[in-house]
Trainee: 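The structure under discussion is supplied below as structure tokens; questions concerning it will follow.
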Amino acid sequence: MENILECKGLSKIYKNAIALSSVNLQVAKGRIVGLLGPNGSGKTTLVQLIPRFYDVTEGAVTVDGIDVRDVTMNSLRKNIGMVQQDVYLFWGTVAENIAYGKPDATREEIEEAAKMAGADEFICTLPDGYESYVGERGVKLSGGQKQRISIARVFLKNPPIIILDEATSNVDTRTELKIRDAMLKL
Ligand code: ADP
Ligand code: MG
């Protein structure tokens, strides 16, 4: 069977608001699918059902024919890389934040991923470079800088499923094009 991500009859109801109703979608291995729609049309809701940030109200999300609720969170999330509009960085160094998802990565691999994500340049201007602390009490980074760290994580992890939800919303156009080219190669 061909590897496939499938949404079958998906509905998602938050409290009493219907966010998705009977959505069907198939994504074959190696394909890129874009979701278009106005604010509030349910794009974020749909993609968040894949790594199980929420569970479906009706229907199912399957990967290779297996319901995402039937595998462990660990195994599911090992196979998914996600970049969101609001990026969460934990208290640690830039290098540690990029290596999240591939803890045994070498420094070379981390820097390579950062370059592909257009992040290397600003990281090198931080007081301690890749060893600078970020997160709550760390170096203050802009939204676009945090997004690029999050994108570097995905490049480094190189998972079979990549979800980009307004992933470059805070990144300038030139950097965005660079990231897109690198992403297509990935
Ligand atoms: P999009 O990403 O397309 O802008 P969302 O998936 O964020 O759309 O939102 C779809 C609908 O679900 C909206 O009406 C939104 O207000 C609602 N919604 C999203 N997240 C929640 C939540 N955690 N609790 C309740 N309602 C939510
Ligand atoms: Mg959204």
Side-chain angles (χ1 to χ4, degrees), residues 2-5 27-34 44 47-48 50-53 61 63-64 66 68 71-186:
E2 197 182 6
N3 296 330
I4 211 165
L5 169 74
V27 186
K29 187 178 179 185
R31 297 303 296 268
I32 301 171
V33 171
T44 295
V47 297
Q48 288 186 341
I50 301 166
R52 292 191 64 198
F53 291 179
V61 176
V63 177
D64 293 347
I66 302 167
V68 291
V71 296
T72 63
M73 256 340 164
N74 189 34
S75 138
L76 179 64
R77 294 190 182 166
K78 229 172 38 203
N79 286 289
I80 299 175
M82 192 161 184
V83 183
Q84 297 177 275
Q85 190 157 17
D86 294 312
V87 174
Y88 171 77
L89 298 180
F90 58 82
W91 169 248
T93 65
V94 170
E96 287 165 351
N97 266 278
I98 294 174
Y100 174 87
K102 192 181 179 187
D104 60 344
T106 64
R107 171 51 67 95
E108 215 173 15
E109 290 174 315
I110 291 171
E111 289 184 17
E112 174 76 9
K115 282 187 185 127
M116 288 196 286
D120 178 70
E121 215 168 290
F122 85 78
I123 292 169
C124 291
T125 68
L126 298 176
D128 297 309
Y130 282 82
E131 297 310 317
S132 305
Y133 276 81
V134 292
E136 282 287 294
R137 292 160 295 150
V139 182
K140 184 94 184 107
L141 297 178
S142 74
Q145 290 173 331
K146 286 197 268 191
Q147 279 190 324
R148 280 179 277 166
I149 287 182
S150 175
I151 291 164
R153 277 179 184 162
V154 170
F155 277 122
L156 183 61
K157 187 177 177 187
N158 193 10
I161 298 171
I162 297 176
I163 299 169
L164 307 171
D165 187 6
E166 318 257 8
T168 50
S169 54
N170 296 310
V171 174
D172 63 87
T173 313
R174 189 183 304 188
T175 309
E176 180 176 4
L177 289 173
K178 227 181 96 184
I179 294 168
R180 198 179 64 184
D181 285 345
M183 200 62 85
L184 287 171
K185 279 186 210 126
L186 185 72

Trainee: Looking at N170 and G143, what are the two nearest heavy atoms and their distance?
Mentor: CB-C, 3.8 Å

Trainee: Going by side chain to side chain donor-acceptor pair (under 3.5 Å), name the residues that satisfy it together with R31, two or more places apart in sequence or in a different chain.
Mentor: none

Trainee: Can you name the side chain to side chain donor-acceptor pair (under 3.5 Å) partners of D172, sequence neighbours left out?
Mentor: T175

Trainee: Out of the candidates V27, V68, V33, only one should pair with L5 under the side chain to side chain contact (heavy atoms under 4.5 Å, CB included) rule; please name it.
Mentor: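 That would be V27.
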
Trainee: Would you check, one step at a time, whether the test side-chain contact (heavy atoms from CB on, under 4.5 Å) holds for V71 with K78?
Mentor: CA-CA 11 Å; V71 296; K78 229 172 38 203; over 6 Å; no

Trainee: Output a table of donor-acceptor pairs, distance under 3.5 Å, between side-chain atoms of residues 179-186 and any protein atom two or more places apart or on a different chain; print 'none' if there are none.
Mentor:
none

Trainee: Quick one: are R153 and L89 in side-chain contact, heavy atoms under 4.5 Å?
Mentor: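 Sidechains of L89 and R153: in contact.
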
Trainee: For residues 113-162, pull every pair meeting ring pair (Phe, Tyr, Trp, His ring centres under 6.0 Å), keeping only residues two or more places apart or in separate chains.
Mentor: W91-Y133

Trainee: What side-chain hydrogen bond (donor to acceptor under 3.5 Å, both in side chains) pairs are there with at least one residue in residues 157-168, not counting sequence neighbours?
Mentor: T44-D165, T168-E176

Trainee: Taking E131 for the side chain and D128 for the main chain, is one N or O donor matched with an acceptor at less than 3.5 Å?
Mentor: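 Side chain of E131 to backbone of D128: no pair is present.
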
Trainee: Any idea which heavy atoms bring A105 and L156 closest together, and the distance?
Mentor: CB-CD2, 3.7 Å

Trainee: Could you check V94 against L126 for side-chain contact (heavy atoms from CB on, under 4.5 Å), going step by step and ending with a plain yes or no?
Mentor: CA-CA 10 Å; V94 170; L126 298 176; 3.9 Å; yes

Trainee: With rounding to the nearest 0.5 angstrom, report the CZ to CD1 distance, R107 to I98.
Mentor: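 So the CZ of R107 and the CD1 of I98 are separated by 8.5 Å.
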
Trainee: Once you round to the nearest 0.5 Å, how far does NZ of K140 lie from CD of Q145?
Mentor: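 Rounded to the nearest 0.5 Å, the NZ-CD separation comes out at 10.0 Å.
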
Trainee: For Q85, is the CD atom crowded, meaning more than 12 foreign heavy atoms sit under 6.0 Å from it?
Mentor: yes

Trainee: Rounded to the nearest 0.5 Å, how far does CE of M116 lie from CD1 of I151?
Mentor: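 Output value for this atom pair is 11.5 Å.
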
Trainee: Considering all heavy atoms of both residues, which atom of A167 and which atom of V83 are nearest to each other, and what is their separation?
Mentor: CB-CG1, 3.4 Å

Trainee: Could you please spell out the steps behind the side-chain contact (heavy atoms from CB on, under 4.5 Å) verdict for M82 and R77?
Mentor: CA-CA 9 Å; M82 192 161 184; R77 294 190 182 166; over 6 Å; no

Trainee: Provide the closest heavy-atom pair for A117 versus A152 in the form atom of the first, atom of the second, distance.
Mentor: CB-N, 3.5 Å

Trainee: Can you name the nearest heavy-atom pair linking I163 to P51, along with the distance?
Mentor: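 Minimum heavy-atom contact is CD1-CD, 4.2 Å.
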
Trainee: Are the side chains of I149 and V87 in touch, meaning some heavy atoms are under 4.5 Å apart?
Mentor: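 No, every pair of side-chain atoms sits at 4.5 Å or beyond.
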
Trainee: Among N97, I123, T93, exactly one meets side chain to side chain contact (heavy atoms under 4.5 Å, CB included) together with V134. Which residue is that?
Mentor: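 Single pass found, and it is N97.
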
Trainee: S169: what forms a side chain to side chain donor-acceptor pair (under 3.5 Å) with it, not counting sequence neighbours?
Mentor: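 Scan of S169 (side chain to side chain donor-acceptor pair (under 3.5 Å), adjacent residues dropped) gives Q147.
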
Trainee: To the nearest 0.5 angstrom, please state how far the CG atom of N79 sits from the CG atom of N74.
Mentor: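 N79 CG to N74 CG: 10.0 Å, rounded to 0.5 Å.
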
